[in-house]
Amino acid sequence: MSAGSALQRNKPIVDYAPEELLIVTVARLLEGIRHVAVGTASPIPGSAALLAQALAGGDMRVSILGSRESQVWSDTGVELFDCAGQGRIDAFFLGGGQIDGQANINLVGVGDYPHQKVRWAGSFGSAYLYFVVPRVILFREEHTRRVFVPKVDFISAPGTSAPNVYRPGGPWALVTGLCLFGFDRDKRRFRLESVHPGHTLEEVRDNTGFDFDIPDRVAETPAPAPGTLALIRDRVAVEVADAYPHFAKRVFGIGRETEAAI
Amino acid sequence: MSAGSALQRNKPIVDYAPEELLIVTVARLLEGIRHVAVGTASPIPGSAALLAQALAGGDMRVSILGSRESQVWSDTGVELFDCAGQGRIDAFFLGGGQIDGQANINLVGVGDYPHQKVRWAGSFGSAYLYFVVPRVILFREEHTRRVFVPKVDFISAPGTSAPNVYRPGGPWALVTGLCLFGFDRDKRRFRLESVHPGHTLEEVRDNTGFDFDIPDRVAETPAPAPGTLALIRDRVAVEVADAYPHFAKRVFGIGRETEAAI
Amino acid sequence: MTSQIIGSDLDDLVRRIPNGAKLAIPKTDCAGAMAATRALIRRKAQNLHLIVVPTSGLQADLLIGAGCVETVEGSGITMGEYGQAPCFGRFVREGRIKLKDSTCPAVYAGLQAAEKGIPFMPMRGLIGSDLAAYRDDYTIMSNPFADDDPIMAVRAIQPDVALFHTPLADRHGNVWVGRHKPLMLLAHASKETLATVEEVREDNLLDDPVYGPATIPSIYITAVAQAARGAWPLGLTGHYREDSEHFAEYMRLAATEGGMVDYLDRHVRRVGVAAE
Amino acid sequence: MTSQIIGSDLDDLVRRIPNGAKLAIPKTDCAGAMAATRALIRRKAQNLHLIVVPTSGLQADLLIGAGCVETVEGSGITMGEYGQAPCFGRFVREGRIKLKDSTCPAVYAGLQAAEKGIPFMPMRGLIGSDLAAYRDDYTIMSNPFADDDPIMAVRAIQPDVALFHTPLADRHGNVWVGRHKPLMLLAHASKETLATVEEVREDNLLDDPVYGPATIPSIYITAVAQAARGAWPLGLTGHYREDSEHFAEYMRLAATEGGMVDYLDRHVRRVGVAAE
């Protein structure tokens, strides 16, 4: 697949997968981070973290939960949360079955709780990590009004808190298949930062159920530079295949034959 | 040494060391206990626990802290206290540089805190374990007015608490070189249970700085039965030499040449 | 605090899980005791209050689909890359289970409170989440060392029984857990702990300087049963892989009520299944 | 969070402990970093707030006797079977150190609060003890889930630096602690952690399924230095015994101020002592 390539202006024509654009976009949000942790179900954020680490010359710690080759913790449970509570995790990723304009996220379900018509897995660590990790990057590839709603049906974790609530962390940005939003914690609103190549502001507006701020001039999300793409394909793809073998096989065409860790 | 033997009336004359009388007396207080923990500096309580275990046919758990041969916990720090907090430790031993008539104990020092004229090691776990272990046995061989005072100079751990304070545990008995006291938690007073062979009520009274209840007829602490003594010497002595080598050498004449665990 | 029965009779083991018990099970990747779970379904366990620590997958979904569960407490039920948990979703939609939704560190915090014998643990986060809104065992309190600093108090969680599977135990009832330290927490916090293991060694694991630190002392263990491939169809780190074909079959059958009956007949209720 | 310097220069290591630092050291039987402690005395450390976790012996007494310590926080200083800690006793009597007396589980509770990033931990016991009376970081609060249930709140303890000695680390800065899990707690709770070790391995200890669970990940470790017999004259489990002759000499000399000067000259300040 080579989406985006034909639509880029004033740039060298390089084929890249949409996943690669997202990887590069997310990696850019990790600049200056000392330690980023990534959940098991997050191959694009995971790849982005590994790319950011490669770009930082290795001077960044990446903890991919459930990776069997790079153990970071000596404990498979509590340590991640304690480590975050100590302020030793600078960035983390969260998604959401629903996300609203105040950056509230819903990982529980659609309809009236508890017996909802659609039930998802549950809130996992969101209601804690969203409070204590300084740079939480929301990532959701599907950009539709089904996901980006005016108000979530269930707040797994609130986007903002009252001033007296201890909250060193919170939403930093939202990356979707269409665009990149920043989050303004004071205004409690998203702000469109850039629209991905091949997509338009109108498309973003049509598919977003909440209001957001729009700058006077809407930028285009920069396409991956050739050197960055090479880094992804030569290095990140191999590393990411450990934690996300299916993803690595589908996107990069490499990997193992089995998904089960031994 | 064979103190006490000549002074027993109506009993078979069996030589025993004063430590052996104390071991037997303390062991009797552990009847029915499922799990007793013993601190590192407590050879007589440690021996008593091992004797009680032997008498219970092994159906009692004895955890001697710092013993290198019988590891009980997987952690050298927190686990003892958590285990006690969970209600999994039924008996424990505490001592005191000073102990008063309300069973308050002082492990800190003599005089005005903080810059006391005599300073002991400190309170260790007493201020916690005294609250949560149901049967805390106070053990102090030296029976003098220097130790058994009207009021301790510093309360490391109080003997009693207000009714609204969570306190499943507390003092159960006090064993000294002269006698055995029980503690009445409702009356908040010690009660003399028995005087060791060779000693008298007057001796106990003269050497105790606090008031205590005295029954109409003061019993004599039963001397060790020959079978019990054999158990101590054949079995307990060997087991106790692991955790308390100096004690085992001095009292039982057995043990290793070194005190340092490797 | 009773002595450990070490055998291989899973029916005997799961008899120690009464109907209505608060049953705690670990994360899927900590290796659930799946063989014991099937035995529990065969003995027609009812009204379990299932505490998933802090999440689960097939094990919880299976117990739910088999009708053993009244309440699910925890922070997620997911089949991971296979998709949403089918029975969990169906039972929620149909109002057939009660929910105590949580967030992972709050599950740990509740167990840690029980581990310490304290009535609650303070915890950052959670304030303003609907999780807290629906739980009367989470309440906002004040940090006593600061002005105007609200903090969540999470009430202690003491399971009646913990059940899990690990690679190794010894004859004394000590159970090695390796990196899966939440299993230690579970054993400390629970009234009783049942473990199945691949292998039982003769020597004392606690006395081993390398194995000892990752071993649950027998004082916390009610009973151990040997169960070869006891985590199947889950994987067990260092031993065997997740059976992805079986997962695919589960996803296909468990998608409907009728299919689930078929699955249970085929893989749980039939005598002699998977060497049980 | 800085990278780990792995070398064998103890003077370089202890330069990371500034005057006035809150310095946390483990129990004697967890093996204190004695060689590093001597280096710290040689660099004339001042005004340390020493947190003993939860007790100490020779290591604390030596630092006190050498005049490095302003405050001692913890639940006991003892020379064990050798008797009372001589310098500690003398400095207390003479009013030359400040005291923050505690009880073992309260020291752990304070560190656990820091480990979790919470401002305090609730704890049973302590109420009515004079320990609480003299500490403004212990306060009685109400259990929010019960009526009239007072419980002690113990404020978080976050040491500036933790210092300890273990048998083993690896090139990546991961440090194996074995059964001495309070060292993990110390590393989690402290801003910086310095470790000395007997041996540095090439392979990654964290990736080892047996060593990994008892290994502190490098993320918590500021620097590691190799120091053969680094716990001497303390013992190190599985490696060497406590030097009881040296303890006897210490007890003899440290009993007086003058004798202590002699001890320090002989065993700490003299260049080339004990292969340092």
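All values below come from the heavy atoms of this structure, side chains included, with hydrogens, waters and symmetry mates left out.
Comparing D:Ser102, D:Gly125, D:Gly57 by how many heavy-atom pairs each has under 4.5 Å with chain B, the most go to D:Gly125. When the candidates D:Lys27, D:Arg179, D:Glu94, D:Lys181 are compared by the number of heavy-atom contacts under 4.5 Å with chain B, D:Arg179 comes out ahead. The choice from B:Gly111, B:Gly169, B:Ala84, B:Ser74 that makes the most heavy-atom pairs within less than 4.5 Å of chain D is B:Ser74. Among D:Arg124, D:Gln84, D:His180, the residue with the largest count of heavy-atom pairs under 4.5 Å with chain B is D:Arg124.
Between the CG atom in D:Asp130 and the CG atom in B:Asn106 there is a gap of 8.5 Å [rounded to 0.5 Å]. Within the model, atoms OG of B:Ser126 and CG of D:Leu126 stand 9.0 Å from one another, a figure rounded to the nearest 0.5 Å. Considering CG of D:Leu99 and CZ of B:Arg119, their distance stands at 5.5 Å, rounded to 0.5 Å.
No side-chain donor-acceptor contact under 3.5 Å links B:His115 to the backbone of D:Arg96.
Scanning all heavy atoms of the two residues, the minimum distance from D:Pro182 to B:Asp75 falls at CD-OD1, 4.1 Å. Of all non-hydrogen atoms in D:Tyr108 and B:Gly77, the two that sit nearest each other are OH-CA, 3.2 Å. Nearest approach of D:Ser129 to B:Ile155, heavy atoms of both residues: OG-O, 3.3 Å. Annotation for B:Gln116 and D:Arg93: closest pair O-CG, 3.3 Å, computed over non-hydrogen atoms.
Residues B:Val78 and D:Gln112 are in side-chain contact: their nearest non-hydrogen atoms beyond the backbone lie under 4.5 Å apart. Inter-residue side-chain proximity for B:Phe81 and D:Cys104 is flagged as met; some heavy-atom pair is nearer than 4.5 Å.
Using a 4.5 Å cut-off between heavy atoms, D:Met79 makes no contact with chain B at all. Using a 4.5 Å cut-off between heavy atoms, B:Val152 makes no contact with chain D at all. For D:Leu183, no part lies under 4.5 angstrom from a heavy atom of chain B.
Inspection of non-hydrogen atoms places B:Phe131, B:Val132 of residues 130-146 of chain B under 4.5 Å from chain D. The stretch residues 156-164 of chain B places B:Ser156, B:Pro158, B:Asn164 near chain D, each with some heavy atom under 4.5 Å from a heavy atom of that chain.
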Any chance you could lay out the side chain to side chain contact (heavy atoms under 4.5 Å, CB included) test for B:Phe124 and D:Thr78, step after step, and finish with the verdict?
CA-CA 10 Å; B:Phe124 292 89; D:Thr78 174; 3.7 Å; yes
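Between the side chains of B:Tyr166 and D:Asn143, no donor-acceptor pair of N or O atoms lies under 3.5 Å. Donor-acceptor pairing under 3.5 Å is recorded for the side chains of B:His246 and D:Glu81.
With a 6.0 Å radius and a threshold of 12 heavy atoms from other residues, nucleotides or ligands, D:Arg90 has its CZ atom above the threshold.
Between B:Tyr113 and D:Tyr134, the ring-plane angle classifies as tilted under the 30° and 60° cut-offs.
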